[in-house]
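Working notes, beginning with the structure itself.
All residue numbers refer to positions in the sequence shown, counting from 1. Because the structure is predicted, anything quoted here is derived from the model rather than measured. Heavy-atom basis, side chains included; hydrogens, waters and symmetry copies ignored.
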Amino acid sequence: MSLKSLRIGGVPEHFNLPWHLACEAGAFADAGLDVEYRDFPGGTGAMTGALKNDELNVAIVLSEGGVANVLNGAPNRLCKVYVDSPLIWGIHVPASSRFETMDEARGSRYAISRFGSGSHLMAIVDAAERGWELDALQFVKVGGLAGALAGLPAGDAELFMWERFMTQPHVDDGTFRRIDERPTKWPSFMICATLDLLESRADELRKALEIVSRFCKNVETRSDNVQLIADRYSLSEGDTAEWLDNICWSDSFDRPDEELAEVISYLQRLEIVKTRNANPDDVWFQL
């Protein structure tokens, strides 16, 4: 690991295929950039931890997790929308569960990656939207999708929220059943970077993000995109085609004021963040 590199982390999901393709093509090196990209199965919570310990200096995080991280005092800032389309969270139970609806599952334990992760924050958002008592929510840390695949059938928890297309193979094979969905009201993923990096090497990061945007467009338009994604992520071609119809990677560097305000409002109302009267200025660095 080079301290001079852009050390970038993202979830091992189809959203981040453009990063892998750019690395494999040598596109960053060709542009004179030292980029190290790593998959983080533990998700946003694991990546914000890696930003804190200097394992990463850039992370592709869920919007709600990134905003919460900054407002709770981390020396990081969001600087670009990466995926503008909302994330569709599937709500899952073990296949053997007696629950058929979320009303029946009320009061059950949620498996989460870790506290502060998307699976944690979105469980709170979902419960709030249903009018449930938030103080009564119970969480069991399992470390990510792999942990939930083991933990739910074992009875460690009863509910698990994760991106619906990535969990579809585990619904198809009978490990999980999906009993509901919850789409976000904001963009799925944003780029979060340490202030140290942003204040000293913002030009390098912007250049890397411009390269990735070209690969995002390539994935959207290439004739073999369905087969490519289905093969690399063990998805059916039908699910992959549906996902591609709805994905929208962003090539804009504009600050999404309305969407950031929506996330901030939710996090404050649900008391996930400590600060009051926050606004987009508090979480954004303009590249």
Step-by-step side chain to side chain contact (heavy atoms under 4.5 Å, CB included) determination, W249 to E220: CA-CA 9 Å; W249 283 286; E220 288 179 319; 3.6 Å; yes

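- Under the 3.5 Å distance criterion, with hydrogens and angles disregarded, a donor-acceptor pair is assigned to the side chains of H92 and T167.
- Judged by distance alone, with hydrogens and angles left aside, the side-chain atoms of R178 form a donor-acceptor pair with the main-chain N or O of R164 at under 3.5 Å.
- The main-chain N or O of L62 is found under 3.5 Å from a side-chain atom of T44 such that the two form a donor-acceptor pair.
- Applying the salt bridge (charged side-chain N to carboxylate O under 4.0 Å, His left out) definition to pairs two or more places apart or across chains, those involving residues 225-240 are E24-R232.
- Within the 3.5 Å criterion, the main-chain N or O of E242 finds a donor-acceptor partner in the side chain of N246.
- Taking each heavy atom of Y37 and V11 in turn, the nearest pair found is OH-O, 3.8 Å.
- At least one donor-acceptor pair closer than 3.5 Å links the side chain of K207 to the backbone N or O of A31.
- The aromatic rings of F139 and Y110 are tilted relative to each other, their planes meeting at an angle between 30° and 60°.
- Heavy-atom minimum distance, E181 versus I88: OE1-CG2, 3.6 Å.
- Put simply, the side chain of L6 does not reach to within 4.5 Å of the side chain of E36, judged on heavy atoms.
- With T194 contributing its side chain and N76 its backbone, the two residues share no donor-acceptor pair below 3.5 Å.
- Contact record, Q138 with G107: NE2-O, 3.0 Å, taken as the closest heavy-atom pair.
- Using a 4.0 Å cut-off between charged side-chain N and carboxylate O, E210 and R214 make no salt bridge.
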Going through the distances and angles, do V58 and C192 end up as a side chain to side chain contact (heavy atoms under 4.5 Å, CB included)? CA-CA 6 Å; V58 183; C192 184; over 6 Å; no

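- In this view, D251 and S213, K217 satisfy the side chain to side chain contact (heavy atoms under 4.5 Å, CB included) rule, not counting sequence neighbours.
- For the residue pair W89 / E163, no side-chain donor-acceptor distance below 3.5 Å is found, with atom types taken as modelled.
- Judged by distance alone, with hydrogens and angles left aside, the side-chain atoms of N72 form no donor-acceptor pair with the main-chain N or O of N69 at under 3.5 Å.
- Checked by atom type and distance alone, the side chain of E262 never pairs as donor or acceptor with a backbone atom of E258 at under 3.5 Å.
- W243 and Q168 share no side-chain donor-acceptor pair at under 3.5 Å.
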